[in-house]
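For reference, the structure discussed in these notes is given below.
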There are 2 protein chains.
Amino acid sequence: MPREQQPATRPARRRSYDQFCAGARALDAVGDRWTLLIVRELLAGPRRYTDLHADLPGVSTDVLASRLKDMEQGGLATRRRLPPPAAAVYELTERGHGLLPVLAALAEWGAPALAERRPTDAVRAHWFALPLLRALDGPGGPAGDGVLDVQLEEGEFHVRTGVREPGSAVYGDGPADRADARIVLDAELCLALGRGEATLTEAVRDGRVEVSGEGPLAAGLRGE
Amino acid sequence: MPREQQPATRPARRRSYDQFCAGARALDAVGDRWTLLIVRELLAGPRRYTDLHADLPGVSTDVLASRLKDMEQGGLATRRRLPPPAAAVYELTERGHGLLPVLAALAEWGAPALAERRPTDAVRAHWFALPLLRALDGPGGPAGDGVLDVQLEEGEFHVRTGVREPGSAVYGDGPADRADARIVLDAELCLALGRGEATLTEAVRDGRVEVSGEGPLAAGLRGE
DNA sequence: CGGCATCCGTGACGATACTG
DNA sequence: CAGTATCGTCACGGATGCCG
């Protein structure tokens, strides 16, 4: 019997840096390959295993399963069983949701690397939500709070502006159930907004963003 | 001839996520094991290979050398040759220095994990610089600009407050050449300050921080 | 002696196949 | 659909050796 039976907990903790440093501790938890990208996906709301696998091209099934278990054990995510017709979904805990600033900082730093778009690059529409949120919730953000549908050539997603309740998704793939406004623009502009090279009100004035909707959010986007 | 001859540039770029996403691009550059911790070390100023190896217990020599080359090639760091008595040093480029917000976000998220101090944990004094800087430069930061020497039981380091010129170290190991003020406190308080659970002025008033120095920075720390 | 390069054992990773 | 099993490959960690 060479292999001890492993208890309910995962057998061996992942390799730790063993440093009394907050940054090193954070990397112990989320520094493994794919982990932060899984968090990015889950920031869009609850996702099924298959959804995650589809939106993370290149990750192998066992690594994805292993990371999800690690994240469960680490308190980053939970697995929730849905009534039988539907499958189980993974969703971030409040602690996992707290990684949004980390991803935002990484995305801001990595933004210049998006200058070139390699032919091998995968794209998903909701990957543009983070830069757009930066433009919406950041300084000079013109909009009131609400849910905004965003239509790109690459697809559609929605963002929830002005939200600070942890645990609730700040953006999501596809259209929202009830959107307060809707904009149509292209990805390039979306990135420029995130880099702060343009403001949303400017872009609306220049006609590079089409705004539709009736409520205060749409009005705010149109510049009052 | 199965293997192509490899040119002067590094043979194969590290495995990329191949995603058109700023966060994924950032992780392509700094997502490898040890890379962000090397950045953390270099944020303290130019360091020699041996210094880095000493302050990063567990990293193997070849991985450290490989990461430093990757960082050179990626534009994060440069290697500068010093006149013969001294050895070469590595220092961050402006781009590399731009990772400070990423490390700050990671450190803030990882701060709760410092509640327990494991016996296997390595400690270096300057690892406490980031939380302290958060207390100094953040809102309610009482201090004027200047260089502050900090004495912990674990060692001594210094921080440069109110600096936003990229490329200049914001903190460093050991005492500064010319410090405008000096404080003595313990690591626990340092972490509490970083978590925002206490303010520096409070702690000074309670006698948990000893302040010495004459200039405006010291006066500011003492509460005018 | 500092700054790596080389070698080697182990474990993590990626692709595919397979199962409840 | 949601993973587990298997396997080849590569990255990592540790030790040692070379070279200025």
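Quick note on labels: first sequence line is chain A, next is B, and so on, each numbered from 1.
No side-chain heavy atom of Phe20(B) sits under 4.5 Å from any side-chain heavy atom of Arg124(A). When side chains are defined from C-beta on, Val147(B) does not count as touching Arg178(B), because their heavy atoms never get closer than 4.5 Å. Proximity of Gln19(A) to Asp28(A): side-chain heavy atoms (C-beta onward) are nowhere separated by under 4.5 Å.
The side chain of Arg33(B) contributes an N or O atom lying less than 4.0 Å from OP1 or OP2 of dG13(D). Contact annotation: Arg15(A) does not reach the phosphate of dT10(C) (side-chain N/O to OP1 or OP2, under 4.0 Å). Between Trp34(A) and dG14(C) there is a side-chain N or O to OP1 or OP2 distance below 4.0 Å.
Between Arg47(A) atom CZ and dA2(D) atom C1' there is a gap of 16 Å when expressed in whole angstrom units. Rounded to whole Å, the distance from CG on Asp55(A) to C1' on dA2(D) is 16 Å. The NE2-P distance, from His53(A) to dG14(C), rounds to 11 Å in whole Å. Rounded to whole Å, atom C1' of dA15(C) lies 16 Å from atom CG of Asp18(B). Nucleotide dG14(C) holds its P atom 11 Å from the CG atom of Leu37(A), rounded to whole Å. As rounded to whole Å, 9 Å separates atom P of dC13(C) from atom OH of Tyr17(B).
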Would you mind writing out the side-chain donor-acceptor pairs for residues 98-116 of chain B within the sub-3.5 Å range, not counting sequence neighbours?
{"residue": "Glu108(B)", "atom": "OE1", "partner": "Arg134(B)", "partner atom": "NH1", "Å": "3.4"}
{"residue": "Glu108(B)", "atom": "OE2", "partner": "Arg134(B)", "partner atom": "NH2", "Å": "3.3"}
{"residue": "Trp109(B)", "atom": "NE1", "partner": "Arg95(A)", "partner atom": "O", "Å": "3.0"}

Name the atoms and distances for all side-chain donor-acceptor pairs under 3.5 Å in residues 126-133 of chain B, with sequence neighbours left out.
{"residue": "His126(B)", "atom": "NE2", "partner": "Glu41(B)", "partner atom": "OE1", "Å": "2.9"}
{"residue": "His126(B)", "atom": "NE2", "partner": "Glu41(B)", "partner atom": "OE2", "Å": "3.4"}
{"residue": "Trp127(B)", "atom": "NE1", "partner": "Glu41(B)", "partner atom": "OE2", "Å": "2.8"}

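Terminal axes of the helix from dC1(C)-dG20(D) to dG20(C)-dC1(D) (five pairs each, C1' rotation axis) are separated by 30°, to the nearest 10°.
Using a 4.0 Å cut-off between a side-chain N of Lys or Arg and a carboxylate O of Asp or Glu, Arg80(A) and Glu91(A) qualify as a salt bridge. Using a 4.0 Å cut-off between charged nitrogen and carboxylate oxygen, Asp173(B) and Arg47(B) count as a salt-bridge pair.
Qualifying ring-ring contact (aromatic ring centres under 6.0 Å, His included) partners for Tyr90(A), counting only residues two or more places apart in sequence or in other chains: none.
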Which atom pairs link the protein and nucleotides 1-5 of chain C when you take only N or O atoms and keep those under 3.5 Å?
{"residue": "dG3(C)", "atom": "OP2", "partner": "Thr50(B)", "partner atom": "N", "Å": "3.0"}
{"residue": "dG3(C)", "atom": "OP2", "partner": "Thr50(B)", "partner atom": "OG1", "Å": "2.3"}
{"residue": "dC4(C)", "atom": "OP1", "partner": "Arg79(B)", "partner atom": "NH1", "Å": "3.0"}
{"residue": "dC4(C)", "atom": "OP2", "partner": "Arg79(B)", "partner atom": "NH1", "Å": "2.6"}
{"residue": "dC4(C)", "atom": "OP2", "partner": "Tyr90(B)", "partner atom": "OH", "Å": "2.5"}
{"residue": "dA5(C)", "atom": "OP1", "partner": "Lys69(B)", "partner atom": "NZ", "Å": "2.9"}
{"residue": "dA5(C)", "atom": "OP2", "partner": "Lys69(B)", "partner atom": "NZ", "Å": "2.8"}
{"residue": "dA5(C)", "atom": "N6", "partner": "Thr61(B)", "partner atom": "OG1", "Å": "2.8"}

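Listed by first then second residue, pairs satisfying ring pair (Phe, Tyr, Trp, His ring centres under 6.0 Å) with a partner in residues 30-51 of chain A read Trp34(A)-Tyr17(B), not counting sequence neighbours.
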